[in-house]
Amino acid sequence: MSVVALIKDTTAKAIKQLYGLELLPSEILVNETKPEFEGDYTIVLFSFVKQLKKSPDSIGTELGNYISTNYPNLCSSFSIIKGFLNLSITPTYWINFLQQNVANTAFGTQPSNGEKVMVEYSSPNTNKPLHLGHLRNNFLGWSIAEILKANGYDVIKTCIVNDRGIHICKSMIAWQMFANGATPQSTNTKGDHFVGDYYVQFNNEYKKQVEALIATGVSKEDAEKQAPILKATQQMLLDWEAGKPDVINLWNNMNNWVYEGFNATYTTIGSDFDKVYYESNTYLLGKSIVEKGLEKNVFFKKEDGSVWIDLTPDGLDEKVVMRKDGTSVYITQDIGLAEQKQNEFNANQSIYVVGDEQNYHFKVLKLICQKLQLPSADGIYHLSYGMVELPTGKMKSREGTVVDADDLVDEMIAISQHKTEELGKVKDFTEDELKSLYNTIGLGALKFFLLRVDPKKKMIFNPEESIDFHGFTGPFIQYTHARIKSILRKFSNDFITTSLSASIQHSLLLLEKELIIQLEQFPLIIKEAAEFHDPSKIAIYIFELAKIFNSFYSEHSITNAENEEKKLLRLQLAQLTAHVLHKGMALLGIQVPDRM
RNA sequence: GGCCCCGUAGUUCAAUGGAUAGAAUAGAAGUUUCCUAAACUUUAGAUACAAGUUCGAUUCUUGUCGGGGCUACCA
């Protein structure tokens, strides 16, 4: 149990003993004591005042006395300042904690809880290369999956590829018109970029044709509908749905080019999936659901044959679930896919990592599933994250203001190479080791940058300023880890299992204690990160830990400690710190090097 | 029009209704005969505005101003 949980439990017991009042531990507010006051953890007394009808000071005195006399191993002394009860935790408690966990490779993680969670993320569109927004999505999805695993969940990572529809046909038409049989191989272009370029060409040509039509006197609205290239695209979609062989062939070819490109990017950034769904296989799903919904009167049919659901009683709109031509729409496909996933995996929860522009969509999705009483309904959770914006506003592919994922990754790796070479600390590395190190640092900086902020909030990326390698960054933590490792390398691992003598508690220094206190919080942070679906809690936590360690490192020597006992204590502190940094970064999908 | 989200140092981000609003970076000043200076130490700088709720408000309520999203028989 964490100290905070222990303090809450103890306080609840004390209040029951002293006043006969039953409180849940969760109703008790415990914070770290502000550094300017004496003590380690603080109980906020104000919330008890009303129920106990006593002054904060007298409650504090009675509580403090009770806890310090009945739990002398936990609390050595206390003070009350302005309604806050500051507890000093005994050094023995901290030393015991360190001894119990220094050799525990599972420190921070929970055993299996038997629950299954699906995490859907990435979900790319096959006619656009990945951009910065996709990176945030991928890193978030991956990290959430890892965090859930660390909390004992069985996690299945999935991806739905948006591989069909009118937009895909646009790239295909443009390729037919302009490519002269070119391929990614013949042009030496990455497949996803190759196809993406034709999508851009389509839009350029379309614009030209519309302008030409307007010049002949056609209204803008009509011109946008009549442009020959658009007509051809619409025809192609019909041909695709009819299964016309040459269209299907082209579609297959172009998609395979894209997948080759995506896979290269996924490999570089370390993303993968346990199960990939393709919309071309799932777009017909959901029809039986529409019928079921009609039977149950959840849906109703309009005169033209289209099927709707009325969500006005829930404060939303009427929503179409099947077109008049009998085809299913986006939301219906999603209901179908949710059911398919449920049948296939029977997970307790299904998390969708999707941008906050789709908040409304997922609200509707969950609501409809609930009204249909589908088993998947209650497990649907939309992990809504904010857009990555530029200082000038939203990224727009049409205006060429998109930050390309591959470009950015390459740039980050190049910068890390440049900085590493400048510092010249790893001149003995082989080519392969260097390459891997540049990747680790460059991607570490990028991932940390995107994961260190609250996922719910939109964030701003300024392409003019490169992502930092100093301060609240991935490389800062990687560097701290490498520094620890270089010390630990000099010692045999015996120190991990050696017991500290009891007397060490009398000489625990402030920075040593701060380090232990921070280390002790790791399991709690992992739990909170899962509960709030928020990897930034881990990023902030390991940064704090690294900072404390660095202060400690510059203040006190490990190798040349005052005596052998101190050296042992500090080695163990360094060992556990390295483990937590390593594990915490792994939860963000970031590796830590032993040297850099 | 309706619904939803957001306004915190120059900049990028923190702060389950709790103590004097924390960091990082940029700025100023320092630290290397000693475990990696991608580090450490010191310093200056912010809650858009106005009311309300209360012991206490960046946080909750209302209004004003500013920014964004959604409101497709596209996905």
Side-chain angles (χ1 to χ4, degrees), chain A residues 26 29 31 33-34 36-37 42 44-47 49-50 56 81-84 86 123 125 160 162 164-168 279 283 302 304-308 315-317 319-325 327-331 333-334 355-361 363 384 386-387 389 391 393-394 416 419-420 422-423 425-426 441 445 449 452-454 456-462 465 467-480 482-490 528 532 536-537 539-540 543-544 546-547 549-561 570 574 595-596:
Chain A
S26 58
L29 188 59
N31 294 326
T33 304
K34 300 254 170 192
E36 55 269 34
F37 300 108
T42 296
V44 181
L45 299 169
F46 294 103
S47 47
V49 170
K50 263 183 214 156
I81 298 164
K82 293 200 288 182
F84 298 90
N86 300 328
S123 305
N125 185 317
I160 169 85
N162 182 357
R164 65 160 283 281
I166 190 88
H167 48 293
I168 310 299
E279 200 193 301
Y283 83 108
K302 288 198 177 175
D304 62 2
S306 59
V307 180
W308 296 72
L316 305 172
D317 303 319
K319 199 80 192 164
V320 68
V321 293
M322 195 169 78
R323 298 187 186 95
K324 63 182 172 217
D325 63 7
T327 56
S328 43
V329 295
Y330 177 37
I331 192 107
Q333 292 168 35
D334 263 6
D356 61 9
E357 58 199 353
Q358 295 202 38
N359 284 353
Y360 184 74
H361 172 78
K363 211 168 161 182
S384 160
M387 298 285 106
E389 292 184 4
K394 218 180 161 185
S416 78
K419 298 209 183 223
T420 305
E422 225 171 42
L423 291 167
K425 292 177 183 176
V426 287
I441 298 174
F449 176 80
R452 67 179 192 179
V453 305
D454 184 340
K456 288 191 291 295
K457 297 192 177 168
K458 71 174 179 199
M459 60 184 294
I460 308 239
F461 172 77
N462 188 350
E465 303 165 7
I467 293 171
D468 226 311
F469 283 62
H470 301 270
F472 186 18
T473 67
F476 173 90
I477 291 157
Q478 291 172 323
Y479 173 72
T480 307
R483 245 182 4 176
I484 296 174
K485 280 295 185 184
S486 82
I487 299 170
L488 298 182
R489 259 197 301 279
K490 294 188 292 191
E528 280 180 11
F532 295 98
S536 76
K537 291 193 184 298
I540 292 166
F543 171 61
E544 279 303 319
K547 257 203 311 188
F549 184 86
N550 282 332
S551 296
F552 162 76
Y553 175 95
S554 60
E555 199 71 25
H556 308 293
S557 176
I558 294 172
T559 319
N560 301 314
R570 289 178 187 168
R595 289 182 57 195
M596 64 186 276

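Below, chain A is the first sequence line, B the second, and so on; all start at residue 1. FYI, side chains are in, hydrogens and waters are out, and symmetry mates aren't considered; it's all heavy atoms of this structure. None of the values given here were measured: they were computed from a predicted structure.
Between B/rG67 and A/Lys394, no contact under 4.0 Å exists linking OP1 or OP2 to a side-chain N or O. The shortest distance between the side-chain N/O atoms of A/Ser551 and the OP1/OP2 oxygens of B/rU41 is below 4.0 Å. Phosphate contact (OP1/OP2 of B/rC74, side-chain N/O of A/Arg323, threshold under 4.0 Å): present. Within the 4.0 Å cut-off from OP1 or OP2 of B/rC73, not a single side-chain nitrogen or oxygen of A/Lys302 is found. For B/rG68, neither phosphate oxygen OP1 nor OP2 lies less than 4.0 angstrom from any side-chain nitrogen or oxygen of A/Lys458.
At the heavy-atom level, A/Asn125 lies nowhere under 4.0 Å from the strands shown. A/Phe37 comes within contact range of at least one nucleobase, with a heavy-atom separation under 4.0 Å. No contact: A/Thr473 has no heavy atom under 4.0 Å from any strand.
One cannot find a donor-acceptor pair under 3.5 Å joining the base of B/rC34 and the side-chain atoms of A/Ser557. On a pure distance criterion of 3.5 Å, a polar donor-acceptor pair joins the side chain of A/Asn86 and the base of B/rA19. For B/rC13, the base has no donor-acceptor partner in the side chain of A/Asp454 [N/O atoms by modelled type, under 3.5 angstrom]. For B/rA37, its base never sits under 3.5 Å from the side chain of A/Ser554 at any donor and acceptor pair.
Separating the CZ atom of A/Arg483 from the C1' atom of B/rA37 is a distance of 8 Å, rounded to the nearest angstrom.
Taking atom P on both nucleotides, B/rU47 is separated from B/rG7 by 15 Å, rounded to a whole Å. With both ends at atom P, the span from B/rU59 to B/rG17 equals 11 Å, rounded to whole Å.
The salt bridge (Lys or Arg N to Asp or Glu O under 4.0 Å) test applied to A/Glu357 returns A/Lys394, not counting sequence neighbours.
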Sugar-phosphate or base contact per nucleotide [nucleotides 25-33 of chain B; S, B, -; heavy atom under 4.0 Å]: S--------

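For the side chain to side chain contact (heavy atoms under 4.5 Å, CB included) with A/Ile558, the qualifying choice from A/Leu488, A/Ile487, A/Ile484 is A/Ile487, the only one to do so.
Checking A/Asn359 against A/Ser384 by side-chain atom types alone, a donor-acceptor pair falls below 3.5 Å.
The environment of NZ in A/Lys324 is sparse: at most 12 heavy-atom neighbours from other residues, nucleotides or ligands sit within 6.0 Å.
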